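Report on the following structure.
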Amino acid sequence: MPVIDGHSITITHPDKILFPADGITKGELAEYYQRIAGRMIPHVRDRPLHMNRYPGGIQWNPIQQKRVPDSFPAWIERATVDMKGGTITHALIDNTATLVYLAQYNVVTVHVWLSRIQAITQPDMVMFDLDPADEDFSIVRKTALTLKTMLEDLKLVPFVKTTGSRGLHVIAPITVGPTFEEVHLFADAVAQRLAAADPDHLTTEFTKQKREGRLFLDVNRNAYAQTAVAPYAVRAKAGAPVALPVDWSEVESPRLRPDGVGIRHVEGRDDPWKSMERSQKPLPPLTVSQLPDRSGRRKGVSRKEVR
DNA sequence: GATTTGC
DNA sequence: GCAAATCAACGCGTC
DNA sequence: GACGCG
Ligand SMILES: [Mn+2]
Ligand SMILES: [Mn+2]
């Protein structure tokens, strides 16, 4: 029986095919997570997680799971956090064994909070989720690069990953302190400025109808108990694509695809997020004109200028 | 996948 | 003892 | 209360 981090973990049904289009098996999934653990864990450690399980393969609906079942071994770390009307206990990934155990549990995709248990109400990053309306990925790349410059001008240090699906996540680590509300307001102000500069292609509108096919700048991940796909998590799509941290230079290339690298092809890459931990910067203050108005409501950016 | 329930 | 049944997600922000 | 998202 294989021993990882001092814990015996048996992968049952290792030859079960979880990705029918590619023949990718549960055993391959477990090997991938074991292989990538060293890269992944620094970014997910201490973050409550949600599990997407596909025991019969990705052709079936996922089992969504937030709570840690009692059947999980005691050595898997847990965090009990406050929710409206009570508490909930989530699993934490802090070692390779946990990742392999999750594969045994048929967890294909993990989503994690934007805060860590040491300060669960205060995020350690601000996230911009670039959600394209269609398959035009070049606008996503171009927008990410513009956003990079904006964030650098604000003395932040932005990083980027593919989502393994259709978009990109641009994040900037921040000095822990501001609340989720403060970080959300900052992200919203930046997103509105970004969208206003290219209202034909970008929007912050909440309703799909008002987006009119434009790229949605989603800042609503910046909130308590909200999650985003974890870096290096596997997506439930053909090819087992992963949410891949990339270097900014890669974003300049039209060869970059949001779902372009699957678990069979993540190998021998430099770590583009190596410097993340030492890149935390203070959240910039909002200027007076960016403060929310008396109604407290934020505004979407529409195609035709309104004001 | 793991555990509980029913025969 | 063995097979069937049961459970595993819902919270935040916006409109 | 529904929408949108994860
Ligand atoms: Mn997204
Ligand atoms: Mn989104």
Side-chain angles (χ1 to χ4, degrees), chain A residues 9-14 16 18 26 29-30 44 47-57 60-74 76 81-91 100-115 120-121 123 127-133 161 163-169 171 179-188 191-192 203-211 214-231 233-237 243 292-293 295-302:
Chain A
I9 303 167
T10 301
I11 300 297
T12 60
H13 310 103
K16 180 172 68 178
L18 294 184
K26 181 181 175 184
L29 180 73
V44 299
R47 302 186 190 277
L49 74 92
H50 295 181
M51 300 172 270
N52 286 5
R53 303 169 55 205
Y54 296 83
W60 303 101
N61 290 331
I63 296 167
Q64 302 262 14
Q65 193 159 342
K66 296 183 180 180
R67 291 173 183 80
V68 186
D70 292 340
S71 61
F72 270 31
I76 289 187
V81 297
D82 291 333
M83 298 297 292
K84 228 167 221 165
T87 62
I88 183 170
T89 302
H90 295 275
V100 175
Y101 186 91
L102 291 179
Q104 161 57 16
Y105 204 50
N106 294 302
V107 174
V108 170
T109 312
V110 298
H111 296 255
V112 293
W113 288 31
L114 276 70
S115 57
I120 199 65
T121 63
M127 174 175 286
F128 299 86
D129 174 17
L130 277 50
D131 286 337
K161 73 173 187 283
T163 65
S165 183
R166 297 177 59 194
L168 293 175
H169 287 170
I171 73 175
T179 63
F180 272 109
E181 182 180 8
E182 290 166 335
V183 172
H184 186 191
L185 283 168
F186 168 79
D188 190 65
Q192 287 200 35
T203 183
T204 58
E205 289 287 0
F206 182 74
T207 63
K208 285 186 143 189
Q209 210 247 317
K210 289 185 176 176
R211 292 181 198 164
R214 291 170 291 173
L215 167 60
F216 177 42
L217 303 173
D218 181 6
V219 296
N220 291 321
R221 299 305 94 214
N222 299 286
Y224 182 79
Q226 297 305 291
T227 61
V229 67
V234 181
R235 307 311 299 267
K237 301 186 17 160
D293 65 25
S295 72
R297 233 176 321 130
R298 292 180 285 270
K299 302 183 289 287
V301 173
S302 46

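Just so it is clear, the model here is predicted, and its values are computed rather than measured. A, B, ... follow the sequence lines: proteins, then strands. Residue 1 opens every chain.
Residue A:Lys208 places none of its side-chain N or O atoms closer than 4.0 Å to OP1 or OP2 of D:dA2. Residue A:Ser71 places none of its side-chain N or O atoms closer than 4.0 Å to OP1 or OP2 of B:dG1. Taking 4.0 angstrom as the limit, A:Lys210 places none of its side-chain polar atoms (N or O) nearer than this to OP1 or OP2 of C:dC15.
Atom pair A:Leu114:CG and D:dC5:C1' shows a separation of 13 Å (rounding to whole Å applied). Per the geometry, CG belonging to A:Leu49 stands 18 Å off P belonging to D:dG6, to the nearest Å. We find that CD of A:Gln192 is positioned 14 Å from C1' of C:dG13, with the value rounded to whole Å. Across the protein-nucleic acid pair, A:Met127 atom CE and D:dC5 atom C1' stand 13 Å apart, rounded to whole Å. Rounding to whole angstrom units, CZ of residue A:Phe216 and P of C:dG13 are separated by 14 Å. For the pair A:Gln209 CD and C:dC15 C1', the computed distance is 13 Å after rounding to whole Å. Summarising the geometry, the separation between CG on A:Asp70 and C1' on B:dT4 is reported as 13 Å, rounded to the nearest angstrom. Look at CG on A:Asn220: it is 12 Å from C1' on D:dC3, rounded to the nearest Å.
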Could you encode protein contacts along nucleotides 1-11 of chain C as a string, one character per nucleotide from 5' to 3', using B for base contact, S for sugar-phosphate-only contact and - for no contact, with a heavy-atom cut-off of under 4.0 Å? -------BBBB
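In this structure, A:His90 contributes its side chain and A:Leu49 its backbone to a donor-acceptor pair below 3.5 Å. Looking at A:Arg211, its side chain does come within 3.5 Å of a backbone N or O of A:Phe206 through a donor-acceptor pair.
In this structure, the side chains of A:Leu130 and A:Leu215 come closer than 4.5 Å at one or more pairs of heavy atoms. A:Leu217 places none of its side-chain heavy atoms less than 4.5 Å from the side chain of A:Phe128. Counting heavy atoms from C-beta outward, A:Val219 and A:His184 have side chains that approach closer than 4.5 Å. By the 4.5 Å heavy-atom criterion applied to side chains, A:Lys210 and A:Thr203 are not counted as neighbours. You'll find the side chain of A:Thr89 stays beyond 4.5 Å of the side chain of A:Arg67, heavy atoms only.
In this structure, a donor-acceptor pair under 3.5 Å is absent between the side chains of A:Gln226 and A:Asn222.
Across all strands, A:Asn52 comes closer than 4.0 Å to no nucleic acid atom at all (heavy-atom distances). A:Asp129 comes within 4.0 angstrom of the backbone, heavy atoms only, and of no base. Contacts of A:His169 with the nucleic acid, taken as non-hydrogen atoms under 4.0 Å apart, are absent.
Rounded to whole Å, the C1' atom of D:dG4 lies 16 Å from the corresponding atom of C:dA9. Across the C1' atoms, B:dT4 and C:dA8 are found 14 Å apart, a figure rounded to whole Å.
The side chain of A:Ala223 lies closest to C:dC12, out of D:dC3, B:dG1, C:dC12. Taking the side chain of A:His184 as heavy atoms from C-beta on, and the options D:dG4, B:dG1, C:dG13, the nearest nucleotide is C:dG13.
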